[in-house]
There are 2 protein chains.
Amino acid sequence: MKLDSEHLEILAMIVEKGGLTEGAEALGKSQPSVSRTISNLEKRLGMPLFEPGRRPLQPTHFGRMLSEIGMRIYALNREAQTLAQNFTKGYAGHIRIGGTPIFMDGVISHMLADFQERAEGVQFDQSYGYFDSLLGKLRNKMLDMAILPMREDQIPVDCDFRPLIPGRNVIACRAGHPMTRKGPITLQEIDAYSWVAPPADSPLFRDLKGAITSIGSENFRFTFSGGTLASIQSFLIRTDCLTVLPYSVVYLMKGAGQIVSLPIKVAHPDRKLGVLTRKGEALSPMLKTFITFLEGQCENLECRMANEARIAKGRA
Amino acid sequence: MKLDSEHLEILAMIVEKGGLTEGAEALGKSQPSVSRTISNLEKRLGMPLFEPGRRPLQPTHFGRMLSEIGMRIYALNREAQTLAQNFTKGYAGHIRIGGTPIFMDGVISHMLADFQERAEGVQFDQSYGYFDSLLGKLRNKMLDMAILPMREDQIPVDCDFRPLIPGRNVIACRAGHPMTRKGPITLQEIDAYSWVAPPADSPLFRDLKGAITSIGSENFRFTFSGGTLASIQSFLIRTDCLTVLPYSVVYLMKGAGQIVSLPIKVAHPDRKLGVLTRKGEALSPMLKTFITFLEGQCENLECRMANEARIAKGRA
DNA sequence: AAGAATTCATACCATGATGGTATATAGGGA
DNA sequence: TCCCTATATACCATCATGGTATGAATTCTT
């Protein structure tokens, strides 16, 4: 015989509140309604749930035991309600995020950590990739969002792109590198050092080549390539190699005092680092909250970087 | 926003069974019915519970979390069902039982223990009393049943009485008592020993006086009175006192080899020990089961006592 | 790659549970 | 004993639920 959980919850509330009328009020129902519910339940069970003819309506032993189960069901129902609220209000959720390695490690991972603090219910599932694989995963719904550099004319028609920050690159090296001590930098000086490169299939690698070409150097050599940001960073710190990285990444690494950027103008691609999502699909509240958060953080970051640049210019 | 626990259970079952069709089958509903339930739930929550456009209907992160709560609710509901079954089938329940002390301690308590083994869900709440107090408690619904000696003409009109066993009394003493060694017993011999009596307000006390009178003794004295069966038993074992007890009580104590009955005919009141319940009120299944059990046990006991008597007579 | 098969969604109807208002009835207290 | 409050009943409206028939979409198969 199937019992209706709702009925058990009503029973629990009546026992809890110590009366039919009060229970009805707590449930937001009319007194006759709950009265009949209990009456029907008793009829179905074939046993009284309340002592008959007692004014403050005392539960039977049986009624009390059932009501305890009802109370637990009620608590679970409440739990489900708050869970649903957390999800629909964007306090909880699951976000599958993919992005280009360097930028993810160097910038986004910090923001993920910050976001985690304000939305404890969030759960990130991060992966790395470049344009093609990210787009594929996004379309296959294996990702909820992708973070990657993108030119305006590159944006797929079935996707929305929200720019976060310009894709400006800089040449970076360890703090205390010979290059940092001199004033104007000549081509020969740069040519004296070898380079650290990101994986050859990454857009950053193409940027690197473009950047080096743009400053006039033609015969450059790699000492290290293929590593993640952590490897690149470790390598840079311990050698006199140079590399090309997004300025935002270098900016955030500057805090540790180990990596600096060189004041050399490099050609920066007209791409922006941003968020790619499937078009025409409602973003989950959590995702919406998160993207908004990212936009705010990046705006803030850009502002700080601009400040820094102004100061540097003033000093120069 | 109130969620329907039923909906959560349906969700849980679908996730559990891995498909809408199978879930519907497990729930004993039609597929369109549960389909619509889920659809409505998603509409109400404003978030998808299942990944759209996936054929083996995969739950969302959100859907899975909700379904886990639903599963727990489902489990509780099942628990409530078995609880209700146990109560309605008489496998569980609460019995408030009152009775006269000696018979309760000497006979009924054994049967309570035996019953407990076969119906683990039972819960006894025992108390002691005599006719007036027992009847009062019964009428006030502070007791579900009373066990006491009763004459046919004494039965209150608002009560049902089910006899269990005749109220025959015997004179009891310790095993090895001088009286047990002799053949025929004379009045002088009995008069030599003092008596142990139950509480003065008990019917057994009146029986005691009647019994002693019936065997011709007139000047009897009490050495001990007012105790429960345990006290009486302890006292009897360590002294040469005599007492009057229901034969059933003595019979069950004989097993321990410390108390025996004397082969003296005493006037036995035409009362029967039995069960008193309120008339015109449906007995709970548990109570019904229990009373049936008591009747069986007492019938069995009576049979064994009759056997014993036949053997004794044959020996004499 | 197209058709078959399966799985899910929708439309429509019937019914029965639920909820409400009005009202009767029953305990409990003065 | 009477009154007050708490509970039960009667009656009605409605909406959620459940079912059958059917359409749509996706996966499997060939």
Side-chain angles (χ1 to χ4, degrees), chain A residues 1-45 47-60 63 67 70 77 139-142 280-281, chain B residues 1-45 47-60 63 67 70 74 77 139-142 278 280-281:
Chain A
M1 173 184 39
K2 180 84 174 80
L3 297 177
D4 191 336
S5 296
E6 174 88 11
H7 295 169
L8 295 177
E9 291 177 54
I10 291 175
L11 170 64
M13 193 52 77
I14 292 172
V15 171
E16 169 103 348
K17 296 292 176 185
L20 206 151
T21 310
E22 292 148 290
E25 189 165 356
L27 289 162
K29 297 181 195 292
S30 70
Q31 171 267 320
S33 178
V34 299
S35 172
R36 193 184 26 164
T37 300
I38 294 300
S39 171
N40 285 344
L41 191 54
E42 285 179 330
K43 216 173 295 169
R44 178 172 314 171
L45 292 169
M47 290 190 75
L49 293 166
F50 291 91
E51 302 286 358
R54 273 281 136 70
R55 207 12 77 126
L57 212 55
Q58 225 154 348
T60 300
S67 83
N77 192 299
R139 284 182 172 144
N140 287 336
K141 305 198 175 180
M142 293 169 66
E281 188 174 300
Chain B
M1 173 184 38
K2 180 85 173 80
L3 298 177
D4 191 336
S5 297
E6 174 88 9
H7 295 169
L8 296 176
E9 292 177 54
I10 290 175
L11 170 64
M13 193 52 78
I14 292 171
V15 172
E16 169 103 349
K17 295 293 174 186
L20 206 152
T21 310
E22 293 149 291
E25 190 165 356
L27 288 162
K29 297 180 195 292
S30 71
Q31 171 267 319
S33 178
V34 298
S35 172
R36 193 182 28 162
T37 300
I38 293 299
S39 169
N40 284 344
L41 191 54
E42 285 180 331
K43 216 173 295 169
R44 178 172 314 171
L45 291 169
M47 290 191 75
L49 294 166
F50 292 92
E51 302 287 356
R54 274 280 134 72
R55 211 13 70 132
L57 214 56
Q58 226 155 342
T60 299
S67 85
Y74 180 76
N77 192 300
R139 285 180 172 146
N140 287 337
K141 306 200 174 179
M142 293 169 66
R278 286 184 296 275
E281 186 173 304

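Since the structure is predicted, the reported quantities are computational estimates derived from the model, not experimental observations. Every chain is numbered from 1 and lettered A, B, ... according to where its sequence line falls, protein lines coming before strand lines.
At the phosphate of D/dT7, OP1 or OP2 sits under 4.0 Å from a side-chain N or O atom of A/T21.
Contact between B/P48 and B/T60 at its shortest, heavy atoms only, is O-OG1, 3.3 Å. Counting all heavy atoms, side chain and backbone alike, B/A12 lies closest to B/G70 at CB-C, 3.5 Å. Across A/L11 and A/S67, no two heavy atoms sit closer than the pair CD2-N, 3.7 Å.
Computed from coordinates, the B/L20 CG to D/dT27 P distance equals 15 Å when rounded to whole Å. Computed from coordinates, the A/E51 CD to D/dT7 C1' distance equals 16 Å when rounded to whole Å. One interatomic measurement links the two molecules: CG of B/L27 to P of C/dC8, which rounds to 13 Å at whole-angstrom precision. Whole-Å rounding puts the B/K17 NZ to C/dT7 P distance at 15 Å. One interatomic measurement links the two molecules: CG of B/L57 to P of D/dA25, which rounds to 16 Å at whole-angstrom precision. Nucleotide C/dG27 holds its P atom 16 Å from the CZ atom of A/F50, rounded to whole Å. A/K2 has its NZ atom 13 Å from the P atom of D/dT17, to the nearest Å. For the pair A/E22 CD and D/dT7 C1', the computed distance is 13 Å after rounding to whole Å.
Annotation: the span from A/I14 atom CD1 to A/T37 atom OG1 amounts to 7.5 Å, rounded to 0.5 Å. With rounding to the nearest 0.5 Å, the separation of CG in A/L41 from CG in A/D4 is 9.0 Å.
Within residues 5-16 of chain A, no residue places a heavy atom under 4.0 Å from DNA chain D. Contacts between residues 31-44 of chain B and DNA chain D, defined by a heavy-atom separation under 4.0 Å, are made by B/P32, B/S33, B/R36.
Counting only residues at least two apart or in different chains, salt bridge (charged side-chain N to carboxylate O under 4.0 Å, His left out) contacts with residues 30-44 of chain B are absent. Applying the side chain to side chain donor-acceptor pair (under 3.5 Å) definition to pairs two or more places apart or across chains, those involving residues 5-30 of chain A are A/S5-B/E9, A/S5-B/N77, A/E9-B/K2, A/E9-B/S5.
Taking 4.5 Å as the limit, some side-chain heavy atom of B/L3 sits within range of a side-chain heavy atom of B/L45. Considering only heavy atoms from C-beta on, B/F50 stays 4.5 Å or farther from B/L20 through its side chain.
Bending across the helix from C/dA1-D/dT30 to C/dA30-D/dT1, expressed as the angle between its end axes from five pairs apiece, amounts to 40° (10° rounding).
For the salt bridge (charged side-chain N to carboxylate O under 4.0 Å, His left out) test, residues two or more places apart in sequence or in another chain that qualify with A/R139 are A/D158.
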